[in-house]
K.L.:
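This is the structure I want to talk about, given as C-alpha coordinates.
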There are 2 protein chains.
Amino acid sequence: MEYIIEPQKIENRSMEIIRPYLDRLNLSEPEIKVYSRIIHAAGDPDYANWIRIHPTAIQAGCQALQKGADIFCDVEMVRTGINKTRLGAWGGKVHCLISDPSVIAAAKVTGATRAMTAMRSFGDKLDGSVVAIGNAPTALFELMKMMQETGIRPSLIVGVPVGFVGASESKDLLAAESPVPYITVLGNKGGSPIAASAVNALLYMN
Amino acid sequence: MEYIIEPQKIENRSMEIIRPYLDRLNLSEPEIKVYSRIIHAAGDPDYANWIRIHPTAIQAGCQALQKGADIFCDVEMVRTGINKTRLGAWGGKVHCLISDPSVIAAAKVTGATRAMTAMRSFGDKLDGSVVAIGNAPTALFELMKMMQETGIRPSLIVGVPVGFVGASESKDLLAAESPVPYITVLGNKGGSPIAASAVNALLYMN
(Lines give C-alpha, C1' and ligand atoms only; values in the text may rest on other atoms or scores of the structure.)
Protein backbone atom coordinates (compact mmCIF):
# COMPACT_ATOMS: atom_id res chain seq x y z
CA MET A 1 0.00 0.00 0.00
CA GLU A 2 1.25 3.51 -0.86
CA TYR A 3 1.34 6.05 1.95
CA ILE A 4 3.20 9.22 2.89
CA ILE A 5 6.10 8.72 5.27
CA GLU A 6 7.65 12.22 5.40
CA PRO A 7 6.57 14.03 8.59
CA GLN A 8 6.28 17.51 7.07
CA LYS A 9 4.28 16.25 4.08
CA ILE A 10 1.91 14.39 6.44
CA GLU A 11 1.35 17.51 8.50
CA ASN A 12 0.89 19.78 5.47
CA ARG A 13 -1.59 17.39 3.87
CA SER A 14 -3.49 17.10 7.18
CA MET A 15 -3.82 20.85 7.44
CA GLU A 16 -5.06 21.04 3.82
CA ILE A 17 -7.75 18.45 4.58
CA ILE A 18 -8.84 20.25 7.75
CA ARG A 19 -8.99 23.76 6.27
CA PRO A 20 -12.35 23.47 4.42
CA TYR A 21 -14.08 22.52 7.69
CA LEU A 22 -13.11 25.94 9.03
CA ASP A 23 -14.09 28.10 6.05
CA ARG A 24 -17.59 28.96 7.26
CA LEU A 25 -16.38 30.02 10.70
CA ASN A 26 -14.83 33.40 9.94
CA LEU A 27 -11.71 32.72 11.98
CA SER A 28 -8.51 34.77 12.17
CA GLU A 29 -5.28 33.09 11.02
CA PRO A 30 -4.09 32.48 14.62
CA GLU A 31 -7.50 30.97 15.47
CA ILE A 32 -7.27 28.72 12.39
CA LYS A 33 -3.97 27.41 13.74
CA VAL A 34 -5.47 26.50 17.10
CA TYR A 35 -8.58 24.92 15.56
CA SER A 36 -6.46 22.95 13.06
CA ARG A 37 -4.11 21.52 15.69
CA ILE A 38 -7.03 20.45 17.86
CA ILE A 39 -8.92 18.80 14.98
CA HIS A 40 -5.65 17.17 13.85
CA ALA A 41 -5.05 15.76 17.36
CA ALA A 42 -8.59 14.36 17.61
CA GLY A 43 -9.04 13.24 13.99
CA ASP A 44 -12.45 14.83 14.38
CA PRO A 45 -13.71 17.89 12.44
CA ASP A 46 -16.76 18.08 14.72
CA TYR A 47 -14.49 19.91 17.18
CA ALA A 48 -14.92 22.96 14.93
CA ASN A 49 -18.46 23.28 16.32
CA TRP A 50 -17.43 23.27 19.96
CA ILE A 51 -14.14 25.17 20.26
CA ARG A 52 -14.45 28.54 21.99
CA ILE A 53 -11.53 30.98 22.04
CA HIS A 54 -11.80 34.12 24.16
CA PRO A 55 -10.97 37.19 22.00
CA THR A 56 -7.67 37.92 23.77
CA ALA A 57 -6.70 34.30 24.57
CA ILE A 58 -4.18 33.68 21.79
CA GLN A 59 -2.39 36.98 22.25
CA ALA A 60 -2.33 36.60 26.05
CA GLY A 61 -1.05 33.03 25.84
CA CYS A 62 1.65 33.82 23.28
CA GLN A 63 2.87 36.84 25.22
CA ALA A 64 3.05 34.93 28.50
CA LEU A 65 4.91 31.99 26.94
CA GLN A 66 7.39 34.25 25.16
CA LYS A 67 8.15 35.95 28.47
CA GLY A 68 8.97 32.57 30.02
CA ALA A 69 5.70 31.72 31.75
CA ASP A 70 5.43 28.19 33.14
CA ILE A 71 2.63 25.79 32.21
CA PHE A 72 0.65 23.95 34.90
CA CYS A 73 -1.16 20.74 33.89
CA ASP A 74 -3.72 18.53 35.58
CA VAL A 75 -2.32 15.19 34.32
CA GLU A 76 0.97 13.76 33.09
CA MET A 77 -0.33 13.05 29.58
CA VAL A 78 -0.80 16.79 29.01
CA ARG A 79 2.74 17.44 30.22
CA THR A 80 4.05 14.70 27.94
CA GLY A 81 2.26 16.14 24.90
CA ILE A 82 3.57 19.71 25.23
CA ASN A 83 6.63 20.67 23.17
CA LYS A 84 9.07 21.37 25.97
CA THR A 85 11.98 22.26 23.68
CA ARG A 86 10.07 25.19 22.24
CA LEU A 87 8.84 26.23 25.68
CA GLY A 88 12.25 25.87 27.29
CA ALA A 89 13.85 28.18 24.73
CA TRP A 90 11.74 30.97 26.23
CA GLY A 91 12.53 29.88 29.79
CA GLY A 92 9.28 28.11 30.66
CA LYS A 93 8.75 24.73 32.32
CA VAL A 94 5.81 22.33 32.53
CA HIS A 95 4.55 21.29 35.95
CA CYS A 96 2.24 18.48 37.04
CA LEU A 97 1.67 17.33 40.62
CA ILE A 98 -0.84 14.52 40.17
CA SER A 99 1.72 11.86 41.08
CA ASP A 100 3.33 13.90 43.85
CA PRO A 101 3.33 11.85 47.09
CA SER A 102 1.98 14.75 49.17
CA VAL A 103 -0.90 15.25 46.70
CA ILE A 104 -1.72 11.53 46.74
CA ALA A 105 -1.67 11.52 50.54
CA ALA A 106 -3.82 14.67 50.82
CA ALA A 107 -6.37 13.33 48.33
CA LYS A 108 -6.70 10.13 50.34
CA VAL A 109 -7.51 12.16 53.44
CA THR A 110 -10.14 14.38 51.79
CA GLY A 111 -11.57 11.77 49.41
CA ALA A 112 -11.37 14.31 46.56
CA THR A 113 -9.67 13.71 43.22
CA ARG A 114 -5.90 13.96 42.98
CA ALA A 115 -6.32 16.36 40.04
CA MET A 116 -8.18 18.97 42.10
CA THR A 117 -5.85 18.48 45.05
CA ALA A 118 -2.87 19.02 42.74
CA MET A 119 -4.45 22.17 41.25
CA ARG A 120 -5.04 23.62 44.72
CA SER A 121 -1.44 22.95 45.71
CA PHE A 122 -0.04 24.98 42.80
CA GLY A 123 -1.36 28.00 44.73
CA ASP A 124 -0.20 31.44 43.65
CA LYS A 125 2.37 29.99 41.26
CA LEU A 126 -0.58 30.00 38.85
CA ASP A 127 -0.43 33.82 38.70
CA GLY A 128 0.68 34.83 35.21
CA SER A 129 1.03 31.20 34.09
CA VAL A 130 -0.66 29.13 31.42
CA VAL A 131 -2.91 26.43 32.92
CA ALA A 132 -3.65 23.39 30.74
CA ILE A 133 -6.41 21.05 31.93
CA GLY A 134 -6.97 18.08 29.64
CA ASN A 135 -8.60 15.49 31.81
CA ALA A 136 -10.26 16.36 35.09
CA PRO A 137 -13.39 18.53 35.39
CA THR A 138 -12.69 18.75 39.13
CA ALA A 139 -9.35 20.47 38.41
CA LEU A 140 -11.12 23.11 36.31
CA PHE A 141 -13.86 23.63 38.91
CA GLU A 142 -11.14 23.99 41.57
CA LEU A 143 -9.24 26.53 39.48
CA MET A 144 -12.41 28.61 39.03
CA LYS A 145 -12.91 28.51 42.81
CA MET A 146 -9.28 29.48 43.49
CA MET A 147 -9.57 32.48 41.16
CA GLN A 148 -12.70 33.62 42.96
CA GLU A 149 -11.39 33.04 46.47
CA THR A 150 -7.75 34.04 46.27
CA GLY A 151 -7.60 36.41 43.32
CA ILE A 152 -4.91 34.45 41.45
CA ARG A 153 -4.94 35.20 37.74
CA PRO A 154 -3.35 32.90 35.14
CA SER A 155 -2.52 34.58 31.82
CA LEU A 156 -4.47 31.90 29.96
CA ILE A 157 -6.54 28.84 30.79
CA VAL A 158 -6.66 25.99 28.27
CA GLY A 159 -9.56 24.10 29.83
CA VAL A 160 -10.62 21.00 27.92
CA PRO A 161 -11.46 18.28 30.46
CA VAL A 162 -13.22 15.28 28.99
CA GLY A 163 -16.08 12.99 29.94
CA PHE A 164 -19.66 12.68 31.03
CA VAL A 165 -19.52 13.76 34.68
CA GLY A 166 -18.87 17.46 35.16
CA ALA A 167 -16.77 18.08 32.05
CA SER A 168 -19.43 19.96 30.10
CA GLU A 169 -20.55 21.88 33.19
CA SER A 170 -17.00 22.89 34.13
CA LYS A 171 -16.36 24.24 30.62
CA ASP A 172 -19.68 26.10 30.51
CA LEU A 173 -18.64 27.74 33.78
CA LEU A 174 -15.22 28.63 32.36
CA ALA A 175 -16.74 30.23 29.27
CA ALA A 176 -19.38 32.11 31.27
CA GLU A 177 -17.43 33.34 34.27
CA SER A 178 -13.67 33.14 33.76
CA PRO A 179 -11.98 36.40 34.79
CA VAL A 180 -9.05 35.56 32.45
CA PRO A 181 -8.79 34.55 28.77
CA TYR A 182 -9.50 30.92 27.93
CA ILE A 183 -9.53 28.31 25.19
CA THR A 184 -12.11 25.55 25.59
CA VAL A 185 -14.19 22.90 23.84
CA LEU A 186 -17.81 22.84 25.00
CA GLY A 187 -19.59 19.50 25.58
CA ASN A 188 -18.22 16.12 26.63
CA LYS A 189 -15.28 15.88 24.28
CA GLY A 190 -11.75 16.98 25.13
CA GLY A 191 -8.70 15.26 26.53
CA SER A 192 -4.96 15.46 26.99
CA PRO A 193 -4.05 15.64 23.27
CA ILE A 194 -6.57 18.45 22.86
CA ALA A 195 -5.00 20.46 25.69
CA ALA A 196 -1.46 19.75 24.46
CA SER A 197 -2.28 20.58 20.84
CA ALA A 198 -3.85 23.92 21.78
CA VAL A 199 -0.78 24.83 23.83
CA ASN A 200 1.54 23.65 21.06
CA ALA A 201 -0.35 25.78 18.53
CA LEU A 202 0.59 28.82 20.64
CA LEU A 203 4.19 27.64 20.98
CA TYR A 204 4.51 27.17 17.21
CA MET A 205 2.93 30.53 16.45
CA ASN A 206 6.01 32.58 17.23
CA MET B 1 -22.03 24.77 41.62
CA GLU B 2 -22.55 21.20 42.89
CA TYR B 3 -20.36 18.49 41.39
CA ILE B 4 -18.99 15.08 42.32
CA ILE B 5 -15.42 15.09 43.65
CA GLU B 6 -14.96 11.43 44.69
CA PRO B 7 -12.97 9.55 42.01
CA GLN B 8 -14.84 6.24 42.31
CA LYS B 9 -18.25 7.92 42.17
CA ILE B 10 -17.19 9.88 39.07
CA GLU B 11 -16.06 6.70 37.35
CA ASN B 12 -19.15 4.71 38.32
CA ARG B 13 -21.48 7.48 37.16
CA SER B 14 -19.53 7.75 33.86
CA MET B 15 -19.92 4.07 33.20
CA GLU B 16 -23.68 4.26 33.94
CA ILE B 17 -24.04 7.08 31.42
CA ILE B 18 -22.07 5.22 28.75
CA ARG B 19 -23.82 1.85 29.14
CA PRO B 20 -27.05 2.66 27.20
CA TYR B 21 -24.99 3.56 24.10
CA LEU B 22 -23.74 -0.03 24.05
CA ASP B 23 -27.03 -1.85 24.57
CA ARG B 24 -27.85 -2.39 20.91
CA LEU B 25 -24.40 -3.79 20.09
CA ASN B 26 -24.69 -7.27 21.60
CA LEU B 27 -21.30 -7.11 23.31
CA SER B 28 -19.80 -9.51 25.82
CA GLU B 29 -18.99 -8.14 29.30
CA PRO B 30 -15.24 -7.91 28.54
CA GLU B 31 -16.03 -6.09 25.28
CA ILE B 32 -18.28 -3.66 27.17
CA LYS B 33 -15.33 -2.84 29.44
CA VAL B 34 -13.08 -2.00 26.49
CA TYR B 35 -15.77 0.03 24.71
CA SER B 36 -16.63 1.89 27.92
CA ARG B 37 -13.05 2.86 28.71
CA ILE B 38 -12.49 4.14 25.18
CA ILE B 39 -15.73 6.17 25.13
CA HIS B 40 -14.88 7.48 28.61
CA ALA B 41 -11.41 8.57 27.45
CA ALA B 42 -12.79 10.36 24.38
CA GLY B 43 -15.98 11.75 25.89
CA ASP B 44 -17.53 10.57 22.65
CA PRO B 45 -20.18 7.81 22.35
CA ASP B 46 -19.75 7.81 18.56
CA TYR B 47 -16.72 5.57 19.13
CA ALA B 48 -19.23 2.74 19.70
CA ASN B 49 -19.83 2.74 15.94
CA TRP B 50 -16.18 2.39 14.97
CA ILE B 51 -14.51 0.12 17.53
CA ARG B 52 -13.59 -3.31 16.17
CA ILE B 53 -12.36 -6.07 18.48
CA HIS B 54 -11.03 -9.29 16.98
CA PRO B 55 -12.83 -12.28 18.57
CA THR B 56 -9.75 -13.50 20.48
CA ALA B 57 -8.17 -10.08 21.16
CA ILE B 58 -9.24 -9.56 24.76
CA GLN B 59 -8.32 -13.07 25.87
CA ALA B 60 -4.99 -12.96 24.02
CA GLY B 61 -4.11 -9.56 25.46
CA CYS B 62 -5.06 -10.48 29.03
CA GLN B 63 -3.15 -13.75 28.89
CA ALA B 64 -0.01 -12.09 27.52
CA LEU B 65 -0.09 -9.29 30.09
CA GLN B 66 -0.64 -11.69 32.97
CA LYS B 67 2.38 -13.69 31.84
CA GLY B 68 4.51 -10.53 32.00
CA ALA B 69 4.46 -9.42 28.36
CA ASP B 70 5.94 -6.00 27.67
CA ILE B 71 4.03 -3.22 25.89
CA PHE B 72 5.58 -1.36 22.94
CA CYS B 73 4.18 2.10 22.10
CA ASP B 74 4.61 4.47 19.20
CA VAL B 75 4.60 7.69 21.26
CA GLU B 76 5.35 8.82 24.80
CA MET B 77 1.77 9.91 25.50
CA VAL B 78 0.61 6.30 25.15
CA ARG B 79 3.33 5.16 27.54
CA THR B 80 2.33 7.89 30.00
CA GLY B 81 -1.32 6.85 29.90
CA ILE B 82 -0.81 3.15 30.61
CA ASN B 83 -1.16 2.00 34.23
CA LYS B 84 2.38 0.84 34.87
CA THR B 85 1.75 -0.24 38.47
CA ARG B 86 -0.77 -2.83 37.36
CA LEU B 87 1.45 -3.94 34.49
CA GLY B 88 4.58 -4.08 36.64
CA ALA B 89 2.89 -6.38 39.16
CA TRP B 90 2.83 -9.01 36.39
CA GLY B 91 6.41 -8.26 35.36
CA GLY B 92 5.72 -6.20 32.23
CA LYS B 93 7.27 -2.90 31.18
CA VAL B 94 6.28 -0.20 28.69
CA HIS B 95 8.72 0.75 25.95
CA CYS B 96 8.84 3.73 23.59
CA LEU B 97 11.76 4.71 21.38
CA ILE B 98 10.45 7.81 19.62
CA SER B 99 12.81 10.09 21.55
CA ASP B 100 15.75 7.70 21.39
CA PRO B 101 18.76 9.52 19.90
CA SER B 102 19.54 6.66 17.49
CA VAL B 103 15.95 6.66 16.23
CA ILE B 104 15.99 10.43 15.76
CA ALA B 105 19.28 10.19 13.87
CA ALA B 106 18.09 7.30 11.68
CA ALA B 107 14.82 9.09 10.82
CA LYS B 108 16.77 12.16 9.75
CA VAL B 109 18.79 10.04 7.33
CA THR B 110 15.81 8.25 5.75
CA GLY B 111 13.36 11.17 5.90
CA ALA B 112 10.71 8.83 7.33
CA THR B 113 8.76 9.44 10.53
CA ARG B 114 10.40 8.79 13.88
CA ALA B 115 7.39 6.64 14.84
CA MET B 116 7.95 4.13 12.02
CA THR B 117 11.69 4.16 12.58
CA ALA B 118 11.13 3.42 16.27
CA MET B 119 8.70 0.58 15.46
CA ARG B 120 11.22 -1.02 13.11
CA SER B 121 13.95 -0.83 15.74
CA PHE B 122 11.92 -2.81 18.30
CA GLY B 123 12.57 -5.78 16.00
CA ASP B 124 11.80 -9.26 17.30
CA LYS B 125 11.18 -7.96 20.82
CA LEU B 126 7.65 -7.48 19.49
CA ASP B 127 7.16 -11.25 19.43
CA GLY B 128 4.58 -12.15 22.08
CA SER B 129 4.23 -8.54 23.19
CA VAL B 130 1.32 -6.11 23.22
CA VAL B 131 1.82 -3.28 20.71
CA ALA B 132 -0.07 -0.03 21.38
CA ILE B 133 -0.15 2.52 18.55
CA GLY B 134 -2.06 5.68 19.44
CA ASN B 135 -0.72 8.30 17.11
CA ALA B 136 1.18 7.42 13.96
CA PRO B 137 -0.37 5.61 10.98
CA THR B 138 3.18 5.07 9.66
CA ALA B 139 4.01 3.02 12.79
CA LEU B 140 1.03 0.74 12.15
CA PHE B 141 1.85 0.37 8.43
CA GLU B 142 5.43 -0.47 9.42
CA LEU B 143 4.30 -3.06 11.94
CA MET B 144 2.09 -4.73 9.30
CA LYS B 145 5.11 -4.83 6.97
CA MET B 146 7.38 -6.26 9.67
CA MET B 147 4.89 -9.04 10.42
CA GLN B 148 4.74 -9.92 6.74
CA GLU B 149 8.48 -9.72 6.13
CA THR B 150 10.00 -11.13 9.29
CA GLY B 151 7.27 -13.29 10.76
CA ILE B 152 7.22 -11.55 14.15
CA ARG B 153 3.93 -12.05 15.96
CA PRO B 154 2.76 -9.78 18.78
CA SER B 155 0.12 -11.31 21.05
CA LEU B 156 -2.14 -8.31 20.51
CA ILE B 157 -2.10 -5.09 18.50
CA VAL B 158 -4.00 -2.11 19.86
CA GLY B 159 -3.88 0.00 16.71
CA VAL B 160 -5.70 3.33 16.96
CA PRO B 161 -3.61 5.96 15.15
CA VAL B 162 -5.41 9.24 14.57
CA GLY B 163 -5.75 11.77 11.78
CA PHE B 164 -6.55 12.43 8.16
CA VAL B 165 -3.47 11.10 6.37
CA GLY B 166 -3.18 7.33 6.45
CA ALA B 167 -4.88 6.67 9.78
CA SER B 168 -8.09 5.24 8.36
CA GLU B 169 -6.21 3.26 5.70
CA SER B 170 -3.75 1.79 8.21
CA LYS B 171 -6.59 0.61 10.45
CA ASP B 172 -8.56 -0.85 7.52
CA LEU B 173 -5.42 -2.80 6.65
CA LEU B 174 -5.04 -3.99 10.25
CA ALA B 175 -8.65 -5.19 10.40
CA ALA B 176 -8.44 -6.87 6.99
CA GLU B 177 -5.04 -8.52 7.08
CA SER B 178 -3.59 -8.74 10.58
CA PRO B 179 -2.25 -12.23 11.30
CA VAL B 180 -2.70 -11.57 15.04
CA PRO B 181 -5.63 -10.37 17.20
CA TYR B 182 -6.27 -6.63 17.26
CA ILE B 183 -8.35 -3.86 18.80
CA THR B 184 -8.96 -0.84 16.56
CA VAL B 185 -11.21 2.13 15.82
CA LEU B 186 -12.00 2.53 12.13
CA GLY B 187 -11.97 5.99 10.53
CA ASN B 188 -10.01 9.12 11.41
CA LYS B 189 -10.55 9.17 15.14
CA GLY B 190 -8.19 7.62 17.67
CA GLY B 191 -5.27 8.88 19.70
CA SER B 192 -3.05 8.23 22.67
CA PRO B 193 -5.80 8.20 25.32
CA ILE B 194 -7.74 5.72 23.18
CA ALA B 195 -4.75 3.37 22.97
CA ALA B 196 -3.97 3.74 26.67
CA SER B 197 -7.59 3.26 27.74
CA ALA B 198 -7.95 0.05 25.70
CA VAL B 199 -4.76 -1.34 27.24
CA ASN B 200 -5.85 -0.25 30.72
CA ALA B 201 -9.21 -1.97 30.23
CA LEU B 202 -7.28 -5.22 29.77
CA LEU B 203 -5.06 -4.50 32.77
CA TYR B 204 -8.09 -3.83 34.99
CA MET B 205 -9.93 -6.90 33.75
CA ASN B 206 -8.02 -9.33 35.90
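Below, chain A is the first sequence line, B the second, and so on; all start at residue 1. The figures here come from the full heavy-atom set of this structure, side chains too, leaving out hydrogens, waters and symmetry mates. Bear in mind that the values here come from a model prediction, so they are computed numbers and not experimental data.
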K.L.:
Atom CD of residue position Glu16(B) - does it have more than 12 heavy atoms of other residues, nucleotides or ligands inside 6.0 Å?
P.N.:
yes
K.L.:
Any chance CD of Glu6(A) has more than 12 other-residue heavy atoms, nucleotides or ligands included, within less than 6.0 Å?
P.N.:
yes
K.L.:
Under a 4.5 Å heavy-atom cutoff, which of Gly191(A), Ala115(A), Pro193(A), Ala167(A) has the most pairs with chain B?
P.N.:
Pro193(A)
K.L.:
Assess whether side chain to side chain contact (heavy atoms under 4.5 Å, CB included) is satisfied between Ile10(A) and Thr138(B), documenting all intermediate values.
P.N.:
CA-CA 10 Å; Ile10(A) 294 170; Thr138(B) 54; 4.0 Å; yes
K.L.:
Can you tell which part of Ala136(B) gets under 4.5 Å to a heavy atom of chain A, answering side chain, backbone, both or neither?
P.N.:
neither
K.L.:
Determine whether more than 12 heavy atoms belonging to other residues, nucleotides or ligands lie under 6.0 Å from atom CZ of Arg153(B).
P.N.:
yes
K.L.:
Quick check on Phe141(B) against chain A: is it the side chain, the backbone, both or neither that has a heavy atom closer than 4.5 Å?
P.N.:
both
K.L.:
Which answer fits Met116(B), side chain, backbone, both or neither, if we ask what part of it has an atom under 4.5 Å from a heavy atom of chain A?
P.N.:
side chain
K.L.:
Give me the atom names and distance for the closest heavy-atom approach of Met77(A) to Ser192(B).
P.N.:
CE-CB, 3.8 Å
K.L.:
Highest number of heavy-atom pairs under 4.5 Å with chain B: which of Gly166(A), Gly111(A), Gly163(A)?
P.N.:
Gly111(A)
K.L.:
Given side chain to side chain contact (heavy atoms under 4.5 Å, CB included), test Asp44(A) with Asn188(B) step by step and report yes or no.
P.N.:
CA-CA 7 Å; Asp44(A) 184 0; Asn188(B) 299 319; over 6 Å; no
K.L.:
Nearest 0.5 Å, what's the OG1-CD distance between Thr113(A) and Glu11(B)?
P.N.:
13.0 Å
K.L.:
Rounded to the nearest 0.5 Å, what separates atom NE2 in His40(B) from atom CZ in Phe164(A)?
P.N.:
9.0 Å
K.L.:
In terms of heavy-atom proximity below 4.5 Å to chain A, should Ile4(B) be classed as side chain, backbone, both, or neither?
P.N.:
both
K.L.:
CG of Asp46(A) to NZ of Lys189(B): how many Å apart, nearest 0.5 Å?
P.N.:
7.0 Å
K.L.:
What part of Leu173(B) gets within 4.5 angstrom of chain A, counting heavy atoms only: side chain, backbone, both, or neither?
P.N.:
side chain
K.L.:
Is chain A contacted by the side chain of Glu142(B), its backbone, both, or neither, given a heavy-atom distance below 4.5 Å?
P.N.:
both
